[in-house]
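These notes are about the structure you will find just below.
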Amino acid sequence: MKYLILFFSLSLTFITAKDNTTYIKVDGMQCSYSCAGKVNSVVQKIDGVKESSVDFAKGVATVTYDDKKVARNDIIKNLKSNTSYSIELMSAK
């Protein structure tokens with residue numbers, strides 16, 4: 001019975017967890033390889049981030065994350081403290 005309750009609880013967590021996508025403006029990147037790579041590397045190390053990509057030409061990081069594990073504002077704070085770029089939220093879905 002105990003295992004059934006545990007299984008049900010875990011299943012509910014997976015069912016109710018919601019992926020969100022946010023778009024973050026990143027100003028100040030000088031190159032497409034190192035700079036965009038740095039932003040991507042910092043974001044991907046955050047627990048709860050599922051995917052990230054950086055469009056150097058547009059200066060936009062697209063981040064898909066689990067809102068049960070990490071908040072959008074925490075991703076932005078992490079980028080601000082671990083990079084030297086200007087970071088700003090564009091929009092969220």
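Residue numbers start at 1 and run along the sequence shown. If you're wondering where the values come from, they're calculated on a predicted model, not measured in any experiment. Side chains included, hydrogens not; waters and symmetry mates left out as well; all remaining heavy atoms used.
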Non-hydrogen atoms of Thr22 and Tyr65 that approach each other most closely: CG2-CE2, 3.8 Å
Heavy-atom pair with the smallest gap, counting every atom of Val49 and Val43: CG2-O, 3.5 Å
Evaluation steps, side-chain contact (heavy atoms from CB on, under 4.5 Å), between Ile24 and Glu88: CA-CA 6 Å; Ile24 301 168; Glu88 181 182 327; over 6 Å; no
Heavy-atom closest pair, residues Cys35 and Met29: CB-CB, 3.7 Å
Of Ile75, Asp74, Asn82, Leu79, the residue whose pairing with Ile46 passes side chain to side chain contact (heavy atoms under 4.5 Å, CB included): Ile75
Test item: Lys25 side-chain N/O and Lys58 main-chain N/O as donor-acceptor pair under 3.5 Å: yes
Polar side-chain atom of Ser81 near backbone of Asn78 as donor-acceptor pair, under 3.5 Å: yes
Heavy-atom pair of closest approach, residues Ala36 and Phe56: CB-CB, 4.4 Å
Residue pair Tyr23 / Val60: nearest heavy atoms and the distance that separates them: CB-CG1, 4.3 Å
Student check: side-chain heavy atoms of Leu89 and Arg72 closer than 4.5 Å: yes
Crowding at CD, Gln44 (>12 non-hydrogen neighbours, <6.0 Å): yes
For the student: nearest non-hydrogen atoms of Ser53 and Asn40, plus distance: N-OD1, 3.7 Å
Straight-line distance of Lys80 NZ to Asn73 CG, nearest 0.5 Å: 9.0 Å
Validation row: Asp66, Lys50 side chains within 4.5 angstrom (heavy atoms): yes
